Colleague: 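Quick one: the structure is below, questions incoming.
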There are 2 protein chains.
Amino acid sequence: MINKDPIYQQLNNELRELLSGDQFKVGDKFLTERTICDRYDVSRTTANKALSNLVSEGLLKFKKGVGTFIQEKPEIGKLHSITSFTENTKRAGMDPTSEVLRFERIKASDVDVIANEKLQIDNSEDLFRIERLRKANGSPMILEDRFIVAKYCPGLFEHSLKGSLYAIFEETYGLNITSTDETIQAVILDDYQADLLGVESGMAGFLVSAVGYIDDETPLWWETTLHKPDGFEFRCKVKPKQNQQKLEGRVLFDNPNHK
Amino acid sequence: MINKDPIYQQLNNELRELLSGDQFKVGDKFLTERTICDRYDVSRTTANKALSNLVSEGLLKFKKGVGTFIQEKPEIGKLHSITSFTENTKRAGMDPTSEVLRFERIKASDVDVIANEKLQIDNSEDLFRIERLRKANGSPMILEDRFIVAKYCPGLFEHSLKGSLYAIFEETYGLNITSTDETIQAVILDDYQADLLGVESGMAGFLVSAVGYIDDETPLWWETTLHKPDGFEFRCKVKPKQNQQKLEGRVLFDNPNHK
DNA sequence: AATTGTAACGTGGCTTATCCACCATACAGT
DNA sequence: ACTGTATGGTGGATAAGCCACGTTACAATT
C-alpha cells in the first residue's frame, strides 16, 4: 500500500525510529543531511526539513560546520507518561513479576458506570477485565485494573499476557493505538488496596486512570493503576520558550526522598 | 543586538507567539507560506521549513491545496505543568486571592539542606523566602513555599507580589528563565498543613516541588506547593507515534470525580 | 434557473542548483 | 612544537521550476 503522507513526514518517522534504537545515544553525532540524501534518495532540502523538524521537537541540535547531535532520545511507542514497570524494574537490577488476580469476560452492565462512560459503550457490550499486582523482587509495587472492549480483540483469553498487552493489540489484532488520556490523583489507600500492596491503611499513593484510544477517537481500554505509597513519583521538565514539556512517572525502589 | 539564531528558528518563535495570541483559535486557517514570505521577507523554502516545524510539534496541520490550519495553541511562557492558579480560578468564576504568610530574607544556613542542594548554593548565600496560601472565594486551595537566590534580584522586598513573580524576575531584573524541573508526589498532610488548607489531618494531596532555572542551568528558585486534597488533578495526553505528551495540572473546585 | 464541466488560481510538496558562513582537520612553514 | 592557511565537511538561505491537490468562478448545457 502506498503511503500518502508527504515524504518529509515519512522521513521524520524513520529518523525518529532510528534515533530511538540502540545505534545512537545522547551526545552522539547523528546522520548529516547529505548522508540522509544518499541513504533515502531525497533532496538536501527535504533532508534538512526533516532534520529541522526533529530539532524543533528537541531531539536533535544542529551545529553549523560541525554536524547534527542527539540531544534526547525519542520514546516512540511509549503509551503512557509512566515508564514501563518491567524495564524500570530491570534497570534497577530487580526481577519484575506479575500476579494475575482476575482475568474474566463480563458484561458492561456489571461494572461501574464510570468505565462505560470512559469507554463510550452501552450496557450490552462485552468487556475483558484484567486485574494484576505488579511486583519487584516479590514485593508488591502496583495494583492495576483494566477493562478492554471485547469486540476489538475477541480471542484475548487465549493469550498468556506474559508479554506486552499492547503488542498483542497491535500485532495480533492489527489495532492502531493512537493515544492515551491519563488522569493522575493523590488518594488514600483503602484496606483492600493497602493489604495487596503490603502497606498500612491510610497512606497516600498515586492513582492513575487512563483511556487508551485506537484510530484517533475510539476507546479500547480503561485502566486504573494504584501505586504503592512512597514507591512512585512523577518528574516533569518544562521549557516555556520552546513550548516543551517532558513528564516521566517512575517506580521508586529505595525511597531516596522523604518529605 | 544581533540575533545569531538561524532565521528559520527566529521565525518559528515569532509564529508560535502569533499563534498563542488572540488573533487565532483552534480550527482557524493560519498564514500561508507565501504570506509569510511577504510579511517576514524570507524565501518560500524558509517559510515552509518554519511552518513544517510547527506541524511536527503538533500545533499546525498542512492541507495541500487548502491551507495551514491550527490544531493546538502553544502555551509559550507557561513555566509549569500546572495551569496558573489565578487564571484557572477566574475561569471557574471565582475570586483568586493570596495570603502572604511569610516574606523574609534569610541565610541559606537557616534552611533545610535540600533547598541548598536544589539551588546549588552554599550556606553563606542569602535567600528570600515567600510562603503564601492561595484561596478561591476565600477557601484555601494551595499552600506554597518558595526560596529565591537573593543575589539575582536584590530589591525583591520592594515589590508587592500582587502580580506575577516571574514577570518581576524577567522585566525588573532581566533574568532569562529557561526551564523548570518538577517532582510530583502524593503525600499525607500534616497537622499544620491540614489546618491551613482547611481539611482534616491524614488526607492525601499532591506535593509538587520544583526548581526554576535561568540561563539554562542556573537555579533561581526552589518551591514546594501543596494542594488541597481532592482539590487538584493532573491530566496527561500521550501520542506515542508522534513522541508527544501534553500534561496539565489543574485546581478542582467542585470535586467532580470521587474514587 | 439549475446543473455540470472545465479552467484558473491558490495551496503545500519536492527537486535542483548555487552560494554562503562556520568549524574542524591536515599540512606546510617557521 | 607552534602557528597559519587551505581544504573539506557541515548546516543556512535563496531562487527557480514544476508538481499534485483542492477550491472557486464562470461558461455551457439542459
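Below, read A as the first sequence line, B as the second, and so on, with proteins coming before strands; counting in each chain starts at 1. Since the structure is predicted, the reported quantities are computational estimates derived from the model, not experimental observations. Every heavy atom of this structure was used, including side-chain atoms; hydrogens, water molecules and symmetry mates were not.
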Colleague: Using five base pairs at each end, measure the axis-to-axis angle across the helix from C/dA1-D/dT30 to C/dT30-D/dA1 and round it to 10 degrees.
Modeller: 10°
Colleague: Quick one, B/D122 with B/N116, criterion side chain to side chain donor-acceptor pair (under 3.5 Å). Give me CA distance, side-chain angles, the key distance, then yes/no.
Modeller: CA-CA 7 Å; B/D122 59 47; B/N116 294 346; over 6 Å; no
Colleague: Does the ring center of B/F30 lie less than 6.0 Å from the ring center of B/F24?
Modeller: yes
Colleague: Are the ring centres of B/W221 and B/F169 closer than 6.0 Å?
Modeller: yes
Colleague: Under the salt bridge (Lys or Arg N to Asp or Glu O under 4.0 Å) rule, what pairs show up with a residue in residues 35-53 of chain A, not counting sequence neighbours?
Modeller: A/E33-A/R44
Colleague: So, for A/F232 and A/H227, is the gap between ring centers shorter than 6.0 Å?
Modeller: yes
Colleague: At under 4.0 Å between heavy atoms, which parts of nucleotides 12-17 of chain C does protein reach? Answer with one letter per nucleotide, 5' to 3': B base, S sugar-phosphate only, - none.
Modeller: BBSBB-
Colleague: Find the distance B/F69:CZ to D/dC21:C1' and express it as a whole number of Å.
Modeller: 13 Å
Colleague: Hey, can you tell me if A/F206 and B/F206 have their rings parallel, tilted or perpendicular (30° and 60° cut-offs)?
Modeller: tilted
Colleague: Kindly indicate, with the supporting measurements, whether the criterion salt bridge (charged side-chain N to carboxylate O under 4.0 Å, His left out) is fulfilled by B/D181 and A/R235.
Modeller: CA-CA 7 Å; B/D181 190 341; A/R235 292 289 297 274; 3.0 Å; yes
Colleague: Can you list the steps and then say if B/S56 with A/E57 is a side chain to side chain donor-acceptor pair (under 3.5 Å)?
Modeller: CA-CA 7 Å; B/S56 89; A/E57 285 172 25; 3.1 Å; yes
Colleague: Rounded to whole Å, how long is the line connecting atom CG of A/N53 with atom P of D/dG12?
Modeller: 13 Å
